[in-house]
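Data block below; observations after.
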Amino acid sequence: MTQDELKALVGLEALKYVRRGVVIGVGTGSTVNHFIKALGSHEELCKGIKGAVSSSVATTKLLKELGVDVLETDQVEELSIYIDGADEIDHSGYMIKGGGAALTREKIVASMALEFICIADETKLVNKLGRFPLPVEIIPMAEANIARKFEALGGKAKLRLKDNKPLVTDNGQNILDVMGLSIDDPLAFESMVNQWPGVVTVGVFANQRASKCLLATSEGVKTLNFVQRSMG
Ligand code: 5RP
């Protein structure tokens with residue numbers, strides 16, 4: 001199976017967790033796009049949900065095309081589930097996210113959900129986070145200072161470009177991708193980087209880790225259950 005076929009498989013599997021009458025949180029990326037497509041092809045379920053809170057402009061567009069009511073975060077107190085992909089996920093449900101530059105909104109929506117269901121293909125499962133360049137959303141004027149801080153940790157930070165210009169996120173900020181990190185303690189690492197001035201969001205999802213991962217493999221979808229998370 002190709003990676004895209006695995007993504008489609010797990011996108012479809014995630015429909016089993018969508019209940020009628022609830023508002024769901026929806027992430028961003030090619031795996032999530034498969035989930036949205038699958039939702040669209042199950043008209044009754046698609047029309048049956050109360051709405052969705054979206055994590056990006058791109059996801060909002062796709063959901064609206066299906067006629068899903070896209071709600072703002074202030075219209076919803078909590079979400080029963082948040083469905084999103086990951087760039088890496090370890091055996092405790094800690095993740096690296098932000099390959100699609102939507103990490104800040106993803107973390108906000110994830111923090112509102114009782115359950116984070118990560119949908120991923122088997123290439124994303126790692127023993128330790130850090131192989132995938134870590135995305136960090138930053139305020140532009142802090143770029144050099146933050147890059148130096150990562151260098152001191154053994155990392156190499158590179159400003160993400162789009163069409164030869166710094167990529168601008170949905171929040172009007174930039175992204176640094178940091179290579180060469182080995183993240184032994186995701187919770188401690190997330191807390192440390194979050195405190196650096198100019199960091200908007202670090203792409204380590206430790207406080208907002210997954211509660212479950214639907215992992216697409218060539219033998220089918222495996223369900224990895226992690227310890228329950230508390231909201232916030
Ligand atoms: C976007 C993300 C995505 O979940 C992550 O990049 C995985 O993407 P894909 O499903 O395309 O492999 O964090 O910001």
Side-chain angles (χ1 to χ4, degrees), residues 1-15 17 24-39 52-63 81-90 93-111 113 115-126 129-138 158-162 167-179 181 183 186 190 193 199-217 221 224:
M1 269 180 143
T2 65
Q3 191 179 19
D4 196 55
E5 285 167 343
L6 292 173
K7 288 180 181 194
L9 184 69
V10 79
L12 183 63
E13 183 76 10
L15 286 187
Y17 294 84
I24 60 171
V26 185
T28 299
S30 56
T31 315
V32 165
N33 290 350
H34 280 294
F35 162 70
I36 296 171
K37 198 170 160 200
L39 182 65
V53 175
S54 161
S55 62
S56 65
V57 171
T59 290
T60 298
K61 182 172 178 286
L62 292 177
L63 289 169
I81 55 164
Y82 175 65
I83 294 174
D84 199 357
D87 298 302
E88 280 186 357
I89 181 161
D90 73 8
Y94 296 130
M95 295 169 284
I96 285 185
K97 291 184 45 54
L103 63 162
T104 298
R105 294 186 186 201
E106 289 173 342
K107 220 178 244 193
I108 293 169
V109 185
S111 75
E115 213 184 345
F116 186 141
I117 299 176
C118 174
I119 50 174
D121 64 83
E122 58 194 345
T123 65
K124 309 288 183 68
L125 187 65
V126 295
L129 300 180
R131 189 181 59 200
F132 189 89
L134 175 70
V136 185
E137 184 164 0
I138 58 152
K158 207 166 163 230
L159 189 66
R160 194 181 299 182
L161 302 179
K162 190 180 177 192
L167 177 142
V168 179
T169 67
D170 287 353
N171 311 307
Q173 309 303 337
N174 294 156
I175 298 277
L176 280 180
D177 290 303
V178 189
M179 279 144 289
L181 295 170
I183 302 168
E190 182 182 38
V193 177
V199 168
V200 178
T201 301
V202 57
V204 169
F205 280 52
N207 285 290
Q208 272 72 46
R209 70 187 181 279
S211 27
K212 198 185 277 305
C213 177
L214 306 180
L215 191 73
T217 75
V221 177
L224 313 180

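Predicted model, so just to flag it, every value in this text is computed and none were measured. Both ligands and their constituent atoms are indexed starting at 1 by order of listing.
Looking at Arg209 and Glu190, no side-chain N of the basic residue comes within less than 4.0 Å of a carboxylate O on the acidic one, giving no salt bridge.
Every atom of ligand 1 with a heavy atom of Lys7 under 4.0 Å away is listed here by number and element: 9 (P), 11 (O), 12 (O). Per-residue contacts place Gly85 under 4.0 angstrom from the following atoms of ligand 1 (heavy atoms of the residue considered): 4 (O). Numbered from 1 in the order shown, with element, the atoms of ligand 1 that lie under 4.0 Å from a heavy atom of Asp84 read 4 (O). Of all atoms in ligand 1, listed by their number and element, those nearer than 4.0 Å to a heavy atom of Gly99 are 6 (O), 13 (O), 14 (O). Within ligand 1, counting atoms from 1 as listed, the ones closer than 4.0 Å to a heavy atom of Ala101 are 14 (O). Counting the atoms of ligand 1 from 1 in the order shown, those under 4.0 Å from a heavy atom of Gly98 are 2 (C), 13 (O), 14 (O).
Ligand 1 has an N or O atom lying under 3.5 Å from an N or O atom of Ala102, backbone or side chain. The shortest N/O to N/O separation between Val32 and ligand 1 does not fall below 3.5 Å.
Side-chain N/O atoms of Ser54 and Thr59 include no donor and acceptor closer than 3.5 Å. Between the side chains of Thr2 and Asp4, no donor-acceptor pair of N or O atoms lies under 3.5 Å. A donor and an acceptor atom, one from each side chain of Ser30 and Lys7, are located under 3.5 Å apart.
In the candidate list Gly203, Ser30, Gly11, Ser30 is nearest to atom 9 (P) of ligand 1, counting heavy atoms.
If you check which protein heavy atom lies closest to atom 4 (O) of ligand 1, you get Lys97 NZ, 2.9 Å. Protein heavy atom nearest atom 10 (O) of ligand 1, with residue, atom name and distance: Thr31 OG1, 2.5 Å. Remark: minimum distance from atom 5 (C) of ligand 1 to any protein heavy atom is reached at Asp87 OD1, 3.2 Å. Given atom 1 (C) of ligand 1, the protein heavy atom at minimum distance is Glu106 OE2, 3.0 Å. In terms of protein heavy-atom proximity, atom 3 (C) of ligand 1 is nearest to Thr28 O, 3.2 Å.
By the criterion of a heavy-atom distance under 4.0 Å, neither the backbone nor the side chain of Pro135 is placed next to ligand 1. The proximity of Ala120 to ligand 1, defined as any non-hydrogen pair under 4.0 Å, does not occur for either the backbone or the side chain.
The backbone N or O of Val57 lies less than 3.5 Å from a partner atom in the side chain of Asp170, making a donor-acceptor pair. Panel note: side chain Ser55, backbone Glu106; no donor-acceptor pair is recorded below 3.5 Å.
Residue Asn174 forms a side chain to side chain contact (heavy atoms under 4.5 Å, CB included) with just one option from Leu159, Leu161, Leu167, Val136, and that option is Leu159.
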**Request:** List the steps, then state whether side-chain contact (heavy atoms from CB on, under 4.5 Å) holds for Leu6 with Glu122.
**Result:** CA-CA 8 Å; Leu6 292 173; Glu122 58 194 345; 4.0 Å; yes
**Asked** Would Gln3 and Thr31 count as a side-chain contact (heavy atoms from CB on, under 4.5 Å) if you check the C-alpha gap in whole Å, the side-chain angles of each, and the deciding distance to 0.1 Å?
**Response** CA-CA 10 Å; Gln3 191 179 19; Thr31 315; over 6 Å; no
**Request:** Starting from the C-alpha separation in whole Å, work towards a yes-or-no answer on side-chain contact (heavy atoms from CB on, under 4.5 Å) for Tyr17 and Ile119.
**Result:** CA-CA 11 Å; Tyr17 294 84; Ile119 50 174; over 6 Å; no
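Residue contacts with ligand 1 do not include Gly27, since none of its heavy atoms lies under 4.0 Å from the ligand.
Using a 4.5 Å heavy-atom cutoff, the side chains of Val26 and Leu63 are in contact.
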